[in-house]
Number of protein chains: 2
Amino acid sequence: MRYMSINRLALCGSQIGVLFLTSLDLFTREARNLGKSARTKARLMDAAVSVFARDGFEAASVNEITRAAEVANGTFYVYFKDKDEIATAVAYRIAHDVVQQLDGAMVGVSDAVERVSCATRRLLDLATSTPQWGQALFRAVWIYNDLRDSVVSYLRADLERGVAQGVFTVEIDDFLISTFSAMTMSTLFRRLNGEAGPDAGSRVAQLQLRMLGVAPDVAKRVAFQALDPITLTMPVIPREMDRSKKN
Amino acid sequence: MRYMSINRLALCGSQIGVLFLTSLDLFTREARNLGKSARTKARLMDAAVSVFARDGFEAASVNEITRAAEVANGTFYVYFKDKDEIATAVAYRIAHDVVQQLDGAMVGVSDAVERVSCATRRLLDLATSTPQWGQALFRAVWIYNDLRDSVVSYLRADLERGVAQGVFTVEIDDFLISTFSAMTMSTLFRRLNGEAGPDAGSRVAQLQLRMLGVAPDVAKRVAFQALDPITLTMPVIPREMDRSKKN
DNA sequence: GAATTTTATGAGATATATGTCAATTAATCG
DNA sequence: CGATTAATTGACATATATCTCATAAAATTC
């Protein structure tokens with residue numbers, strides 16, 4: 001599955017740097033050196049990502065998750081109170097990874113117009129490179145408001161920077177952020193459903209820049225310019241991951 | 001509930017004309033002169049609107065619908081095969097009403113910029129004036145693609161008109177339509193959740209116009225100008241509504 | 001390797017949803 | 001009014017989901 005990124009790279013020649021969100025069994029891998037209980041919990045979380053991506057949060061059932069994780073039904077309740085608890089656990093973790101990767105991908109970019117455009121494009125590339133996680137992110141963002149807020153926190157800063165630089169001529173507030181995000185998320189949705197191609201990121205970035213007040217020719221140039229190679233793409237460092245779980 | 005429109009009118013003084021989507025028990029009223037079976041079916045559909053709006057399509061159950069309609073569980077299955085069938089029935093009807101009302105509200109407007117702005121603003125006013133129907137519309141649009149297409153069919157025409165007039169400098173295709181719609185729907189969502197005020201329609205229309213290539217000052221003026229009074233706001237005419245139901 | 005602690009299991013109690021149908025009630029008609 | 005047709009009912013069979021808990025298995029400790 002990770003190899004999809006490579007394929008996409010071949011299709012979209014201009015793109016040299018690629019962000020890796022995570023492999024499908026990230027949690028399991030991270031926990032491979034930890035105790036047994038941590039490993040089981042990790043398998044459940046990986047399974048939850050798959051099931052949420054396939055069925056959505058609503059339709060997903062604990063049974064499906066335990067079946068996917070190949071553990072007994074009762075095992076689930078050893079580690080999580082209910083479906084919501086595991087949902088928040090994986091959703092927040094995905095958001096955390098996304099923010100971290102995006103931050104890392106933009107260390108060298110200082111121009112507000114470029115930053116805003118890059119963020120949108122890279123978020124889309126990232127979420128599309130591992131569709132399961134992309135789906136989970138998409139669904140989670142609709143449900144958890146504070147999670148959405150954390151994902152867009154850097155966005156607000158970039159938008160305000162642009163206003164300060166005089167390149168954005170629009171009032172920055174919750175309404176704008178929300179509309180901006182909706183454009184990105186709608187594109188992610190279409191991208192994941194195969195209704196939009198690899199240039200969707202650039203197209204929506206272009207529209208967003210125009211909306212913000214960037215001149216059409218500049219918007220086009222920046223949104224479609226080749227992305228710089230990623231400087232740091234080191235895999236996520238395995239972390240402790242709260243092994244004491246008996247609440 | 002219908003009186004909310006009046007309150008909103010008071011808050012937003014510039015608005016003289018108001019579109020009425022429908023009252024909460026539209027189907028029942030329409031069927032009041034029809035046979036008993038048509039009336040029962042209508043009660044179920046009104047109940048379905050309430051339940052879908054409250055719980056969403058996924059979480060809604062047939063039991064909840066029959067309870068709201070004050071009929072026995074078995075009665076439901078006399079009129080509908082399952083939840084999906086009643087869902088499509090009410091969803092398509094709402095979309096039909098919306099399109100009809102919007103068309104009527106824009107008979108006098110010929111300028112593409114004004115038409116696009118008006119459509120967004122009036123759709124939002126319409127859907128917000130009867131929140132239950134607005135919620136149902138919002139959820140339905142996510143689920144039924146062809147329904148969304150029908151709601152935005154007039155939009156595509158207006159956008160192409162604007163390109164022909166030289167006021168929109170953007171490529172009109174499915175991607176643009178979808179992004180444009182996402183902006184409107186996101187605003188509807190926030191409006192229904194109380195996260196955005198009555199000016200949200202104008203604000204999003206302004207952003208949309210900028211995105212399409214309209215100069216910022218023009219976009220602002222058109223999006224925030226007072227809406228013309230509605231010329232025709234006659235209530236929906238009670239119609240036959242397929243009384244022969246034995247499939 | 002026996003004792004102890006940790007982890008996993010799956011049957012089962014509880015709940016809720018779907019869809020059917022024989023029986024009942026209401027409406028209509030001659 | 002009695003007969004016939006239309007409409008409604010709610011119990012029931014079926015299915016699926018949640019969460020618990022006594023028991024079993026596995027891992028760890030001494």
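Only heavy atoms go into these numbers, but all of them, side chains included; no hydrogens, no water, no symmetry mates. These figures come from a predicted structure and were not determined experimentally.
Taking 4.0 angstrom as the limit, B:T40 places a side-chain polar atom (N or O) nearer than this to OP1 or OP2 of D:dT8. Within the 4.0 Å cut-off from OP1 or OP2 of C:dT6, not a single side-chain nitrogen or oxygen of A:S37 is found.
Contacts of B:R139 classified as salt bridge (Lys or Arg N to Asp or Glu O under 4.0 Å), with partners at least two apart in sequence or in another chain: none. Not counting sequence neighbours, the partners of A:R190 by the salt bridge (Lys or Arg N to Asp or Glu O under 4.0 Å) test are A:E195. With sequence neighbours excluded, the residues satisfying side-chain contact (heavy atoms from CB on, under 4.5 Å) with B:A95 are B:L147, B:S150, B:V151. Remark: A:D82 pairs with no residue by the salt bridge (Lys or Arg N to Asp or Glu O under 4.0 Å) rule, at least two apart or across chains.
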Its contact letters, B for base, S for sugar-phosphate only and - for none at protein heavy atoms under 4.0 Å, make nucleotides 16-24 of chain C read -SBBB----
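In summary, the aromatic rings of B:W142 and B:F189 are positioned with their centroids too far apart to meet the 6.0 Å limit.
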Show me the donor-acceptor pairs within less than 3.5 Å that the side chains of residues 53-62 of chain A make with the rest of the protein, sequence neighbours left out.
from  : atom 1 : to    : atom 2 : distance (Å)
A:R54 : NH2    : A:E64 : OE1    : 3.4
A:S61 : OG     : A:E64 : N      : 3.2

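Atom CD of A:E70 and atom P of C:dA8 are 14 Å apart (whole Å). The CD-P distance, from B:E58 to D:dA17, rounds to 14 Å in whole Å. In this structure, CZ of A:F80 is placed 15 Å from P of D:dT18, rounded to the nearest angstrom. What separates CZ of A:R43 from C1' of C:dT7 is a distance of 13 Å, to the nearest Å. If you measure from atom NZ of B:K36 to atom P of C:dT25, you get 13 Å, rounded to the nearest angstrom. Per the geometry, CZ belonging to A:R39 stands 9 Å off P belonging to D:dA27, to the nearest Å. As rounded to whole Å, 19 Å separates atom P of D:dT18 from atom OH of A:Y79. Between B:R67 atom CZ and D:dT9 atom P the separation is 15 Å, expressed in whole Å.
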